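A short write-up of the structure that comes next.
Because the structure is a prediction, the values reported are computed rather than measured. The basis for the numbers below is simple: all heavy atoms, side chains too, and nothing from hydrogens, waters or symmetry mates. A note on names: the letters A, B, ... follow the listed sequences, proteins ahead of strands, and every chain is numbered from 1.
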2 protein chains.
Amino acid sequence: MFSIGALSDRTGVKIPTIRYYEEMGLMPEPERTAGNQRRYTQAGLDRLGFIKHARDLGFTIEAIRALIDLNDRPDHSCATANAIATAQLDDVRAKIARLQRLETELVRIATHCDGKGRASDCYVLTSLADHGLCETAH
Amino acid sequence: MFSIGALSDRTGVKIPTIRYYEEMGLMPEPERTAGNQRRYTQAGLDRLGFIKHARDLGFTIEAIRALIDLNDRPDHSCATANAIATAQLDDVRAKIARLQRLETELVRIATHCDGKGRASDCYVLTSLADHGLCETAH
DNA sequence: TCTTGAACCTCTAGTTACTAGAGACGTTAG
DNA sequence: CTAACGTCTCTAGTAACTAGAGGTTCAAGA
Ligand SMILES: [Zn+2]
Ligand SMILES: [Zn+2]
Ligand SMILES: [Zn+2]
Ligand SMILES: [Zn+2]
């Protein structure tokens with residue numbers, strides 16, 4: 001049996017976060033000691049590892065809840081898991097595309113200002129005031 | 001003079017958001033009609049455009065506050081503006097790098113599952129449970 | 001001028017995924 | 001047995017909004 005601190009040490013998930021996952025229904029309610037402290041089994045540790053890995057990959061709590069439900073029903077079709085993973089990939093790709101457009105603009109903005117001029121003719125301020133100077137839609 | 005709705009229409013910033021910016025000190029408190037409704041000048045419209053553009057480029061409210069302060073002091077050095085823009089660029093690049101690592105993993109995960117199997121041997125679920133299958137640190 | 005419907009007002013609370021802190025209680029090594 | 005550390009619940013705070021309730025004001029047409 002593991003205390004909540006032991007789980008935290010083994011997974012890198014902070015203690016309040018583990019309690020938060022419990023409240024959100026991702027972690028099952030564990031057994032308690034006579035003094036009301038949580039005690040986890042190996043299954044609890046494994047589940048927290050699953051949650052952490054999914055969070056590290058950017059899945060939302062809601063998506064993880066669906067994935068865990070599926071994990072608990074081995075005979076069920078994995079179509080939902082596939083849909084969730086694919087949606088997450090699409091989301092990540094959309095975010096990358098947007099950030100690359102921002103990068104383009106920020107490179108332009110940062111390179112046209114050396115930080116040594118006055119605010120009145122600073123390219124950073126000018127280009128924030130005028131989207132017409134931008135090269136991309138963003 | 002523009003009503004808050006006119007400002008919203010012209011900039012694409014929603015009305016509650018404009019009020020929120022006012023509360024955060026980004027928008028100056030505008031004049032009011034006898035009936036307490038906000039009335040903005042061209043300067044207010046310009047400032048909202050500045051804020052929107054900066055938000056679209058990912059700057060935080062705090063960063064924008066600093067940039068606006070600088071905009072209001074034309075004789076001041078633009079060193080701070082340069083520092084803020086550079087930091088924002090670094091931040092965007094770090095986010096892109098992380099998302100590209102996630103993309104690598106998600107492509108692997110999504111392509112090894114056709115969504116037609118059972119949950120018990122679904123690659124999506126397996127690989128979420130085991131970070132050892134990952135190709136990158138993330 | 002009156003009316004009516006859209007726009008506006010303030011205030012509270014909800015969103016996401018946590019994080020911090022207060023004050024009290026439990027556990028364990030020496 | 002006691003000190004020190006771990007854990008408990010609860011509240012509130014974070015970023016940047018968004019939604020809704022309940023009430024007031026504005027503007028345009030009759
Ligand atoms: Zn400059
Ligand atoms: Zn732009
Ligand atoms: Zn599958
Ligand atoms: Zn991994």
Side-chain angles (χ1 to χ4, degrees), chain A residues 1-27 29-40 44-45 47-48 50-68 84 87-88 91-92 95 98 102, chain B residues 1-27 29-40 44 47-48 50-68 84 87-88 91-92 95 98 102 138:
Chain A
M1 303 294 267
F2 308 99
S3 69
I4 197 168
L7 241 68
S8 177
D9 290 345
R10 263 156 245 244
T11 60
V13 178
K14 289 182 186 146
I15 290 173
T17 305
I18 298 173
R19 293 198 274 246
Y20 170 74
Y21 288 157
E22 182 181 322
E23 200 177 349
M24 292 299 102
L26 297 192
M27 287 293 286
E29 292 189 14
E31 286 180 43
R32 301 280 185 139
T33 63
N36 202 37
Q37 295 193 359
R38 290 168 178 83
R39 288 297 177 271
Y40 295 92
L45 180 55
R47 169 158 295 189
L48 185 56
F50 183 101
I51 296 167
K52 166 134 177 61
H53 197 207
R55 284 296 298 132
D56 285 349
L57 288 167
F59 290 91
T60 63
I61 298 288
E62 176 134 331
I64 295 170
R65 207 188 333 260
L67 291 167
I68 284 174
I84 291 172
Q88 177 61 13
D91 193 58
V92 164
K95 282 187 172 132
R98 169 159 184 268
L102 299 197
Chain B
M1 303 294 268
F2 309 100
S3 68
I4 197 169
L7 242 67
S8 176
D9 290 346
R10 264 155 245 246
T11 60
V13 178
K14 289 181 186 149
I15 290 172
T17 305
I18 298 173
R19 293 198 275 247
Y20 170 74
Y21 290 157
E22 181 181 325
E23 202 178 347
M24 293 298 102
L26 297 191
M27 287 293 285
E29 290 188 17
E31 285 180 43
R32 302 280 186 138
T33 64
N36 201 36
Q37 296 193 359
R38 290 168 179 83
R39 287 296 177 270
Y40 296 91
R47 169 157 296 189
L48 186 56
F50 183 100
I51 295 167
K52 165 134 176 64
H53 197 205
R55 284 296 298 130
D56 284 348
L57 287 167
F59 290 91
T60 64
I61 298 287
E62 175 133 332
I64 296 170
R65 206 189 333 260
L67 291 167
I68 285 174
I84 290 171
Q88 178 62 11
D91 193 56
V92 164
K95 282 186 172 132
R98 170 160 183 267
L102 299 197
H138 55 97

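- Taking 4.5 Å as the limit, some side-chain heavy atom of B:Tyr40 sits within range of a side-chain heavy atom of B:Met27.
- Distance CZ (A:Phe59) to C1' (C:dT16): 17 Å, rounded to an integer number of Å.
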Quick one: which protein N/O atoms are closer than 3.5 Å to N/O atoms of nucleotides 2-4 of chain D? Pair and distance per line, please.
none

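- Summary of the strand contacts: B:Arg32 and A:Thr60 both lie near DNA chain C, and taking for each the nucleotide with the nearest heavy atom, the more 5' one is attributed to B:Arg32.
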Check your understanding: Run the side-chain contact (heavy atoms from CB on, under 4.5 Å) check on A:Arg19 and A:Arg38 step by step: do they pass?
Key -> CA-CA 10 Å; A:Arg19 293 198 274 246; A:Arg38 290 168 178 83; 3.5 Å; yes
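- Within the 4.5 Å cutoff, side-chain heavy atoms of A:Arg39 are placed close to those of A:Ser3.
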Close N/O contacts between protein and nucleotides 23-29 of chain C (under 3.5 Å):
| from | atom 1 | to | atom 2 | distance (Å) |
| --- | --- | --- | --- | --- |
| C:dT27 | OP1 | A:Thr33 | OG1 | 2.8 |

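- Rounded to whole Å, the distance from CD1 on B:Ile51 to P on D:dA15 is 17 Å.
- As rounded to whole Å, 13 Å separates atom P of D:dA19 from atom CZ of B:Arg19.
- For the pair B:Ile4 CD1 and C:dT10 C1', the interatomic distance rounds to 12 Å; values are reported in whole Å.
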Got a list of side-chain donor-acceptor pairs under 3.5 Å for residues 52-60 of chain A, not counting sequence neighbours?
| from | atom 1 | to | atom 2 | distance (Å) |
| --- | --- | --- | --- | --- |
| A:Lys52 | NZ | A:Asp56 | OD1 | 3.2 |
| A:Lys52 | NZ | A:Asp56 | OD2 | 3.0 |
| A:His53 | ND1 | B:Ser127 | O | 3.2 |
| A:His53 | ND1 | B:Leu128 | O | 2.9 |
| A:His53 | NE2 | B:His131 | ND1 | 3.2 |
| A:His53 | NE2 | B:His138 | NE2 | 3.4 |
| A:Arg55 | NH1 | A:Phe59 | O | 2.6 |
| A:Thr60 | OG1 | A:Ala63 | N | 3.1 |

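- Side chains of A:Leu26 and A:Tyr20 form no contact here, defined as non-hydrogen atoms less than 4.5 Å apart.
- With the nearest nucleotide of DNA chain C identified for both B:Ser3 and A:Lys14, B:Ser3 has the one nearer the 5' end.
- One can place CZ of A:Arg38 at 10 Å from P of D:dT7, the figure rounded to the nearest angstrom.
- Applying side chain to side chain contact (heavy atoms under 4.5 Å, CB included) to B:Pro30 and the options B:Gln37, B:Glu22, B:Met1 leaves one that passes, B:Glu22.
- Within the 4.5 Å cutoff, side-chain heavy atoms of A:Ile51 are placed close to those of A:Ile68.
- Across the protein-nucleic acid pair, B:Asp9 atom CG and C:dA6 atom C1' stand 13 Å apart, rounded to whole Å.
- The CD-P distance, from A:Glu23 to C:dT16, rounds to 14 Å in whole Å.
- Regarding A:Arg55, its CZ atom lies at a distance of 4 Å from the P atom of C:dC18, rounded to whole Å.
- Taken from CZ in B:Arg65 to CD1 in B:Ile84, the straight-line distance is 11.5 Å, to the nearest 0.5 Å.
- In this structure, the nucleotide among D:dC17, D:dA16, C:dC18 sitting nearest to the side chain of B:Thr17 is D:dC17.
- At the phosphate of C:dT16, neither OP1 nor OP2 sits under 4.0 Å from any side-chain N or O atom of A:Tyr20.
- Between B:Val13 and B:Leu7, every side-chain heavy-atom pair lies at or beyond the 4.5 Å cut-off.
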